[in-house]
Amino acid sequence: MYEILMAGSGGEGILSMGQLLAYAAMHEGKEVSWIPSYGPEMRGGTANCSVIISEEEIASPMINYPDILVAMNQESMDKFLPDVKPGGIVFFENKISKALDDKIQKFETEMEMVALSLKKEAKGLGDSRLKNTVVLGAIANKTEVVSFRAIEKSLEKVFIKKGKTIIDENKKALEKGYELVMTAEVR
């Protein structure tokens with residue numbers, strides 16, 4: 001069973017990222033729980049979601065100590081990093097790592113920290129909103145949560161109404177994240 005917490009600012013696609021991951025797991029025949037959470041501010045405010053993926057029935061949809069944390073901003077890292085299970089993996093925007101060096105050092109021995117240049121890579125793909133899909137590619141490469149192919153299938157399902165161009169852009173972002181994690185700064 002994998003317990004995943006994704007957090008960042010409203011408008012960064014945090015909830016979509018969780019939904020895509022949940023659909024990918026369902027595509028693979030796994031049990032899934034997806035719970036979104038966002039403040040009244042929505043865009044610009046805080047947003048997070050929890051996803052549980054399991055081969056067996058999920059007893060409770062609540063996550064207290066995630067195996068995987070995706071932190072897209074400083075506030076999310078500050079709030080959720082202390083709760084990651086020992087041996088867990090944290091994917092985060094590398095721009096926030098400089099501000100967190102002191103805090104991160106005490107956790108480095110307990111978990112794997114993967115710093116990704118999400119903003120830079122998404123802009124390079126032509127749309128800064130693609131950084132959430134870049135993270136999913138990194139997750140597919142670095143973990144056994146779901147396969148790359150299952151995430152591709154979930155993109156087709158979730159973004160069907162947005163059209164082929166959006167799906168194709170997100171597939172490129174997924175590929176970029178898959179490749180990016182091979183050269184990412186890992187602590």
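Along the sequence shown, residues carry numbers from 1. All of these numbers come straight from a predicted model, not from anything done at the bench.
Linking Ile, Leu, Val, Met, Phe, Trp and Tyr residues whenever their side-chain heavy atoms come within less than 4.5 Å leaves Tyr23 and Ile52 in two separate clusters. There is no path of hydrophobic side-chain contacts, each under 4.5 Å, that joins Ile63 to Leu20. Cluster membership check: Ile160 does not share its hydrophobic cluster with Leu155, using side-chain heavy-atom separations under 4.5 Å among Ile, Leu, Val, Met, Phe, Trp and Tyr. In terms of hydrophobic clustering, with Ile, Leu, Val, Met, Phe, Trp and Tyr side chains grouped at heavy-atom distances under 4.5 Å, Met182 and Leu125 are assigned to a common cluster. Following chains of ILVMFWY side-chain contacts shorter than 4.5 Å, one can reach Ile139 starting from Val158, so the two form part of one hydrophobic cluster.
Proximity of a side-chain donor or acceptor of Ser76 to a complementary backbone N or O of Ala71 within less than 3.5 Å is not detected. A side-chain donor-acceptor contact under 3.5 Å links Thr183 to the backbone of Leu180. Not one N or O on the side chain of Ser9 forms a donor-acceptor pair closer than 3.5 Å with the backbone of Glu12. Under the 3.5 Å distance criterion, the side-chain polar atoms of Ser54 are left unmatched by any main-chain donor or acceptor of Met1. Here the side chain of Asn141 pairs no donor or acceptor atom with the backbone of Val181 at under 3.5 angstrom.
Here the CD atom belonging to Glu75 is positioned 6.0 Å from the CG atom belonging to Asn73, to the nearest 0.5 angstrom. Leu130 CG to Leu136 CG: the interatomic distance, rounded to the nearest 0.5 Å, is 11.5 Å. The distance from atom CE of Met26 to atom NZ of Lys157, rounded to the nearest 0.5 Å, is 6.0 Å. Interatomic distance, Ile68 CD1 to Glu112 CD, rounded to the nearest 0.5 Å: 10.5 Å. To the nearest 0.5 angstrom, Ser117 atom OG is 5.5 Å from Asn94 atom CG. To the nearest 0.5 Å, atoms CE (Met17) and SG (Cys49) are separated by 6.5 Å.
Between Met6 and Val135 the shortest side-chain heavy-atom distance does not fall below 4.5 Å. Two residues are said to be in side-chain contact when any heavy atoms from C-beta on lie closer than 4.5 Å; Phe91 and Thr143 meet this criterion. Inter-residue side-chain proximity for Lys172 and Asp168 is flagged as unmet; no heavy-atom pair is nearer than 4.5 Å. Looking at Glu121 and Leu116, their side chains never come closer than 4.5 Å, going by heavy atoms from C-beta outward.
Nearest approach of Ala47 to Ile14, heavy atoms of both residues: O-CG2, 3.9 Å. Taking all atoms of both residues into account, the shortest heavy-atom contact from Phe80 to Ala7 is CE1-CB, 3.6 Å. When all heavy atoms of Phe92 and Leu118 are compared, the pair lying nearest together is C-CD1, 4.5 Å. Between Ser154 and Ala24, the closest heavy-atom pair is CB-N, 3.7 Å. Here the closest heavy-atom approach between residue Ala22 and residue Trp34 is recorded as CB-CB, 4.1 Å. Shortest non-hydrogen contact noted between Ile58 and Ser33 is CD1-N, 3.7 Å.
Annotation for Lys85: atom NZ counts as buried by contact number, over 12 foreign heavy atoms lying within 6.0 Å. Counting heavy-atom neighbours within 6.0 Å of Lys79 NZ, excluding the residue itself, gives a total of 12 or less.
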Would you check, one step at a time, whether the test side chain to side chain contact (heavy atoms under 4.5 Å, CB included) holds for Met113 with Leu81? CA-CA 10 Å; Met113 307 291 289; Leu81 181 64; 3.9 Å; yes

With side chain to side chain contact (heavy atoms under 4.5 Å, CB included) as the test, would you mind laying out the steps for Glu3 and Leu5 before giving the verdict? CA-CA 7 Å; Glu3 296 181 342; Leu5 183 63; over 6 Å; no

Kindly determine whether Leu21 and Tyr2 satisfy side chain to side chain contact (heavy atoms under 4.5 Å, CB included), including the steps that lead there. CA-CA 12 Å; Leu21 195 60; Tyr2 290 94; over 6 Å; no

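Each of Ile4, Val90, Asp83, Asn48 was compared with Leu69 under the side-chain contact (heavy atoms from CB on, under 4.5 Å) criterion, and only Val90 meets it.
Ion pair Glu152/Arg149 flagged as a salt bridge, since at least one NZ, NE, NH1 or NH2 atom sits closer than 4.0 Å to an Asp/Glu carboxylate oxygen. Between Glu93 and Lys119, no side-chain nitrogen of the basic residue sits less than 4.0 Å from a carboxylate oxygen of the acidic one, so the salt-bridge criterion is not met.
Under the salt bridge (charged side-chain N to carboxylate O under 4.0 Å, His left out) criterion, Glu28 pairs with Lys30, not counting sequence neighbours.
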